[in-house]
Every structure is written in structure tokens, then in C-alpha cells.
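Have a look at the structure below before the remarks.
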Amino acid sequence: MLIKTYGAAVQGIDAITVTIEAVAEQGAVFSLVGMADTAVKESYQRVLSAVTQSGHRWPRRRIVVNLSPADVRKEGAAYDLPIAIGILAACEQIKCVRPLERFMIMGELSLDGSVLPIRGVLPMAIKARELGFGGMIVPKVNAEEAAVVNNLDVYGVTSLAEVIDFITGKTDLTPTVVNTREEFARANHVFDCDFSEVKGQNAVKRAFEVACAGGHNILLVGPPGSGKSMMAKRLPTILPPLTLAEALETTKIHSVAGKLKGGSRLMTSRPYRSPHHTISPVALVGGGSNPMPGEISLAHNGVLFLDEFPEFSRQVLEVMRQPLEDRHISVSRAKYTIDYPAGFMLVASMNPCPCGYYNHPTKTCQCAPGAVMKYLNRISGPLLDRIDLQVEIYPVPFDSLSSTAPEETSDQIRARVIKAREIQAARFAAEKGIHSNAQMNTRLLSVHAGLDQDSIRLLRDTMIRLDMSARAYDRILKVSRTIADLEYASMQPALSPAEAATRPILIHHLREALAYRNLDRASWGQTVNPLT
């Protein structure tokens with residue numbers, strides 16, 4: 001007898017349907033075909049033990065299981081549950097009162113028959129709804145994650161026996177219900193840190209505000225203990241909240257990577273990823289023998305923080321150049337090509353020299369002559385070009401550090417950032433896939449980032465003097481546009497986002513944007529420290 005059950009395979013961050021065909025004939029051989037990896041082929045032992053532990057006997061017949069389409073590689077142990085149900089139904093040990101073609105079934109089986117959690121449930125659930133499946137049977141731990149998808153009955157199960165009883169009509173299961181919009185609206189954006197805890201550093205806080213308002217990449221250069229990591233960890237507290245579409249996309253990526261905690265529903269906070277500098281290129285961009293999203297994809301719609309920037313290997317840093325421009329990464333190998341989204345905001349920090357105290361107000365640099373530029377040259381010029389804001393940071397003076405005066409809170413900064421983003425939303429309403437100033441292409445720059453004659457002369461003189469590239473030119477215009485948006489967002493009487501979106505870039509906006517290109521200066525590191 002031929003029985004078909006249905007599952008899914010994840011490719012990239014999307015899923016495709018897999019039909020599990022099981023046929024029982026005369027004989028005593030078990031065969032599994034359909035381009036299965038080792039974990040899938042080992043399902044025989046797990047399924048055999050789970051079936052016997054669930055009170056059923058293993059059929060003494062020739063069983064063939066085919067995973068279709070046969071030219072798509074199947075990976076992992078998530079096919080155990082549909083294979084077990086298919087075999088029992090094909091051997092007529094169970095009578096399916098509820099039609100199997102109505103359900104997508106996925107789950108790993110333990111030897112005692114319990115159902116273990118799996119990865120990638122959310123994209124599978126989205127695919128099940130697209131194809132018109134009435135319900136989905138998944139491990140109970142993954143049920144709330146799948147139930148984020150509306151108009152799909154999601155049944156969480158803990159054992160093979162429970163699934164058999166449900167399919168045969170002996171018991172009923174209550175679908176897991178999650179009201180996605182209500183859950184998203186109720187999300188409590190509470191952070192365990194705040195910018196009000198940062199003493200002084202007002203210029204750096206301003207740079208962070210500009211970076212978040214336009215989605216720009218930022219590099220901090222300063223000695224140890226000046227607060228680089230402390231402020232970077234607080235960056236998510238001033239970013240705009242995720243939209244529902246962004247939350248679903250972000251949750252899909254983390255679901256595929258197996259990064260969601262048990263019982264998780266929808267990610268409502270922007271991701272913050274901070275890999276160690278010993279990370280490999282594959283771990284950063286994704287891929288591997290079993291393709292998985294890398295850190296740049298896990299940071300999609302959020303922040304990727306690279307501390308000790310020059311300590312990362314040159315190969316690791318250079319693989320980021322294309323994702324920083326295109327906001328997605330194509331991983332091509334001999335057997336597969338997969339696209340992962342990579343729309344992250346890069347935040348990097350570094351010391352000014354190997355010892356960390358070059359240009360320090362009170363400590364003497366111990367580095368050999370030429371070591372400062374050699375240290376900086378670990379970061380290539382093309383990569384520095386892709387970082388919109390390059391900011392020097394100095395130690396906080398004692399008077400600021402010991403001050404009891406209240407500092408501006410993250411909520412206050414975030415309110416201004418959100419207003420600036422509203423202006424950008426109005427500006428790019430007709431542009432598909434463009435949401436912030438950092439994403440503007442050359443065509444949009446010519447439309448929305450025009451300069452007056454005085455500004456053009458200033459920019460021309462600066463670029464000639466500092467020998468800047470064309471990419472640096474674009475970055476300066478984008479940052480200038482964001483600085484202008486922040487000013488127009490705070491004007492009184494208030495302008496509507498549509499009105500503010502058409503206001504021009506003024507010369508003082510450009511001057512501030514040029515001030516954020518510190519590492520482009522030939523005299524970098526030789527200026528007088530304002531704290532001395």
C-alpha cells in the first residue's frame with residue numbers, strides 16, 4: 001500500500017515541500033531514497049525503536065521510503081515523524097481518520113518515541129499556509145513558533161503515540177493559537193541598559209544618533225576604557241522598533257539557524273550580534289557543508305558589532321565588502337547556491353594603535369615608529385570607504401565621570417531617530433526595498449541629496465585635499481541627508497514627514513558629515529587632543 005505524508009526542506013531562509021512516500025510490499029528490506037544525508041538515513045533505527053516503544057510492532061515487510069523531489073538534498077532528523085506515520089499507515093497498522101494530505105508533519109523522534117524540537121519551523125509553517133495545508137503537526141516546543149503564521153492550525157505534540165491517536169481519531173488536539181499582531185503590539189521593549197548611564201561623550205552619542213537615524217555604518221577609534229563597547233551595546237536601545245514584516249523576516253532567519261529559544265514566538269527586538277575576532281569567514285557570511293546563515297544574516301535588521309576591528313583576519317573583513325553594499329549575501333558552492341539577507345548596521349571599534357594609547361591625553365604610546373599606520377592598514381581602504389561615520393573617542397574626564405547631572409535617556413534619543421525615519425519613509429514611499437538614507441543608490445542621491453553652490457565648493461575642496469574616493473562622496477551625501485532630516489524632524493512648528501522630506505541639505509549639515517570622516521585625514525592622530 002502506498003501512503004504519502006508531507007514535510008518540508010529549508011533552502012536558505014525559505015522552505016520547499018517534501019513528499020514522503022512509503023510503500024509496503026512482500027519482503028524484509030528497508031530502503032530510503034531521495035538524496036538524503038546521513039542523519040536522514042539513520043532515521044531507520046530511531047523510527048524502529050520509537051514505533052515499538054509506542055505500542056506497535058515493526059512490520060516484517062519490504063518498506064521503501066522516497067523523499068520527493070529526489071534532486072533536493074534532505075538534511076537533519078526532522079523527517080523521522082512523517083516517515084514513521086507513513087510506514088505505519090502503509091502497513092495498515094493504523095487507519096487514518098484524519099486525511100494525511102491535510103497536514104504537514106515534521107519532528108525528530110527519540111528512541112522512546114518522544115518528539116524532539118527541530119530547526120526552521122517558521123518558514124515551513126509559512127510554506128504550509130501558502131500551499132493550503134489545513135494544519136501542521138510539530139514538536140510542542142516549536143508549536144508557538146509555527147503558530148505565528150495565521151490561518152494555519154498548528155498542533156504541538158510530545159510523542160509518536162500522541163500523533164497516532166490524533167490521526168486515528170482516538171483523541172483531539174487543541175491548536176496552538178498566537179495572535180501575531182496583538183503579540184507584536186504588546187511586545188515590551190525593555191532593555192537592561194540605557195544611554196543615560198553613559199557619562200559625557202556627547203559628540204559620540206550624536207554620531208550614534210545620526211547612524212541610527214539613517215541606518216549608517218559607524219567606526220569608533222579610541223583608547224581602552226573610553227567607552228566604545230559600552231556605547232555599542234546600547235545602540236539597539238535607540239534604533240526604531242521592528243515592523244511586523246521585519247520581525248517575521250528576522251524570526252525566520254533565527255529559526256533556520258536554530259537560534260530561537262524553546263517556546264519562542266516572534267522576535268520583537270532588533271538582533272545584536274557580537275562575534276569574537278577569531279571567527280572564520282564561513283561563520284560570518286554563512287554556508288558550510290550543511291548551509292546555515294552566518295553572523296551577518298543573524299544581524300539582519302539589527303546590529304553587527306565587531307570589537308577590536310583590526311584583530312579580525314583580513315579575509316574575514318574583506319568578505320563583508322559585498323554584503324555591506326548589496327545587503328544580501330550569495331553563498332555559492334559546488335553543490336548549492338543560497339541567498340541570505342544581510343541588511344545589518346555595522347558598528348566597529350578599534351584602538352588607535354597596538355598598545356592602545358596613541359594620542360592619549362595622559363599615557364604615552366609605546367609603539368614603534370610607523371606602527372600606528374601599519375595597525376590602521378590592517379583595514380583596507382575599500383572597507384573603510386563603506387563605513388559612513390568614522391569617529392574618534394577620548395577618555396571621559398573625571399569631572400564628567402563623577403557628575404550627577406542627568407544624561408539624556410535612550411527613549412529621548414530614540415524619539416528623534418523615529419521622527420527622522422518617518423521622514424525617510426515618506427521620501428522613499430514609492431521606492432521598493434529602500435527604507436533609509438543609507439540604502440540610497442546613485443539615482444536617489446541625485447534626486448534627494450542635491451547641494452547648493454557653497455556646499456559643492458566645500459565638498460570639492462575637501463575631497464581633493466583628502467583624496468577621497470567616489471564611494472566616500474556618496475557616503476558623505478547620505479550622512480548629510482540624515483543630519484538634515486534630524487534637524488527638520490525637530491523643527492517648531494513641526495513639519496509633516498512629506499514636507500520635511502523635500503527640505504534641502506544645508507552647508508552646516510555637510511560640515512558635520514565631513515567631520516565624521518576622521519580616518520580620511522592625512523594628519524589623523526596628529527591633531528591636538530581636546531582633553532589636553
Side-chain angles (χ1 to χ4, degrees), residues 4-21 34-37 39-40 66-83 85-86 98-108 115 117-157 163 175-178 180-181 244-260 264-267 286 290-293 297 300 328 331 336-341:
K4 295 182 180 182
T5 55
Y6 298 90
V10 175
Q11 288 190 323
I13 62 168
D14 297 312
I16 62 170
T17 306
V18 173
T19 303
I20 298 97
E21 301 172 320
M35 204 172 177
D37 73 349
V40 180
N66 178 44
L67 306 179
S68 175
D71 60 344
V72 174
R73 185 169 178 80
K74 322 302 183 307
E75 299 171 342
Y79 301 99
D80 292 355
L81 187 55
I83 288 173
I85 296 296
R98 292 182 169 91
L100 291 176
E101 62 269 16
R102 182 175 174 268
F103 299 97
M104 181 178 283
I105 306 172
M106 292 296 284
E108 178 183 346
V115 181
I118 59 174
R119 293 184 303 201
V121 168
L122 181 56
M124 294 177 187
I126 293 172
K127 192 66 176 180
R129 184 182 63 181
E130 287 178 1
L131 297 177
F133 283 94
M136 187 174 184
I137 299 174
V138 296
K140 196 170 188 67
V141 174
N142 299 117
E144 289 192 344
E145 177 187 337
V148 167
V149 180
N150 296 326
N151 303 318
L152 179 71
D153 291 334
V154 177
Y155 302 95
V157 295
V163 180
T176 303
V177 178
V178 174
T180 306
R181 296 189 179 278
L244 182 56
E246 288 175 332
L248 283 168
E249 185 179 31
T250 305
T251 308
K252 275 176 63 177
I253 298 169
H254 286 251
S255 173
V256 170
K259 300 296 184 181
L260 292 180
S264 296
R265 298 183 179 181
L266 194 66
M267 291 184 64
N290 295 325
M292 285 290 162
S297 295
H300 182 63
H328 72 88
V331 181
Y336 63 82
T337 298
I338 293 176
D339 283 344
Y340 290 120

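No experiment lies behind these values; they were computed from the predicted model shown.
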Enumerate donor-acceptor pairs with a distance under 3.5 Å from any side-chain N or O in residues 10-21 to protein atoms, sequence neighbours excluded.
residue: Asp14; atom: OD1; partner: Lys252; partner atom: NZ; Å: 2.8
residue: Glu21; atom: OE1; partner: Asn66; partner atom: ND2; Å: 2.9

Please tabulate, for the side chains in residues 98-106, all donor-acceptor contacts under 3.5 angstrom to protein atoms that are two or more places apart in sequence or on a different chain.
residue: Arg98; atom: NH1; partner: Phe166; partner atom: O; Å: 2.5
residue: Arg98; atom: NH1; partner: Thr171; partner atom: O; Å: 3.3
residue: Arg98; atom: NH2; partner: Asp172; partner atom: OD1; Å: 2.4

List in chain and number order the residues that pass side-chain contact (heavy atoms from CB on, under 4.5 Å) with Thr251, two or more places apart in sequence or in another chain; answer none if no residue qualifies.
Leu122, Leu260, Leu266, Met267
Applying salt bridge (Lys or Arg N to Asp or Glu O under 4.0 Å), name anything that partners Glu246, two or more places apart in sequence or on another chain.
Arg270
Salt bridge (Lys or Arg N to Asp or Glu O under 4.0 Å) partners of Arg73, counting only residues at least two apart
Glu75
Could you state the interatomic distance from CD1 (Ile126) to CG (Leu131), rounded to the nearest 0.5 Å?
12.0 Å
Check whether more than 12 heavy atoms from other residues, nucleotides or ligands sit under 6.0 Å from atom NZ of Lys140, and answer yes or no.
no
Check whether any side-chain N or O of Asp339 sits under 3.5 Å from a backbone N or O of His328 as a donor-acceptor pair, and report yes or no.
no
Taking the side chain as C-beta and beyond, is there a heavy-atom pair between Tyr340 and Ile338 under 4.5 Å?
yes
Distance in Å, Leu152 CG paired with Met124 CE, rounded so as to fall on 0.5 Å steps:
13.0 Å
Quick check for you: to the nearest 0.5 Å, what is the distance between Thr176 atom OG1 and Asp153 atom CG?
10.0 Å
Pairwise side-chain contact, Ile253 with Pro293, heavy-atom cut-off 4.5 Å (strictly under):
yes
Contacts of type side-chain contact (heavy atoms from CB on, under 4.5 Å), residue Arg119, not counting sequence neighbours:
Met292
Determine the minimum heavy-atom distance between Tyr79 and Ala9, stating which atoms define it.
OH-CB, 3.2 Å
Pairwise side-chain contact, Tyr6 with Pro82, heavy-atom cut-off 4.5 Å (strictly under)
no
Is a side-chain donor or acceptor of Lys4 paired with a backbone partner of Gly86 at a separation under 3.5 angstrom?
no
Student check: side-chain heavy atoms of Val157 and Pro139 closer than 4.5 Å
no
Under the rule for side-chain contact (heavy atoms from CB on, under 4.5 Å), what residues qualify as partners of Ala36, not counting sequence neighbours?
Leu32, Val40, Lys41, Leu67
Which atom names give the shortest non-hydrogen contact between Pro341 and Ser297, and what distance separates them?
O-OG, 2.9 Å
Please identify each residue that fulfils salt bridge (Lys or Arg N to Asp or Glu O under 4.0 Å) with Lys127, with sequence neighbours left out.
Glu130
Heavy atoms only: give me the nearest Ile118-Glu108 pair and the separation to one decimal.
CG2-N, 3.7 Å
Those residues at least two apart in sequence (or on a different chain) that pass side-chain hydrogen bond (donor to acceptor under 3.5 Å, both in side chains) with Asn150 are Thr180
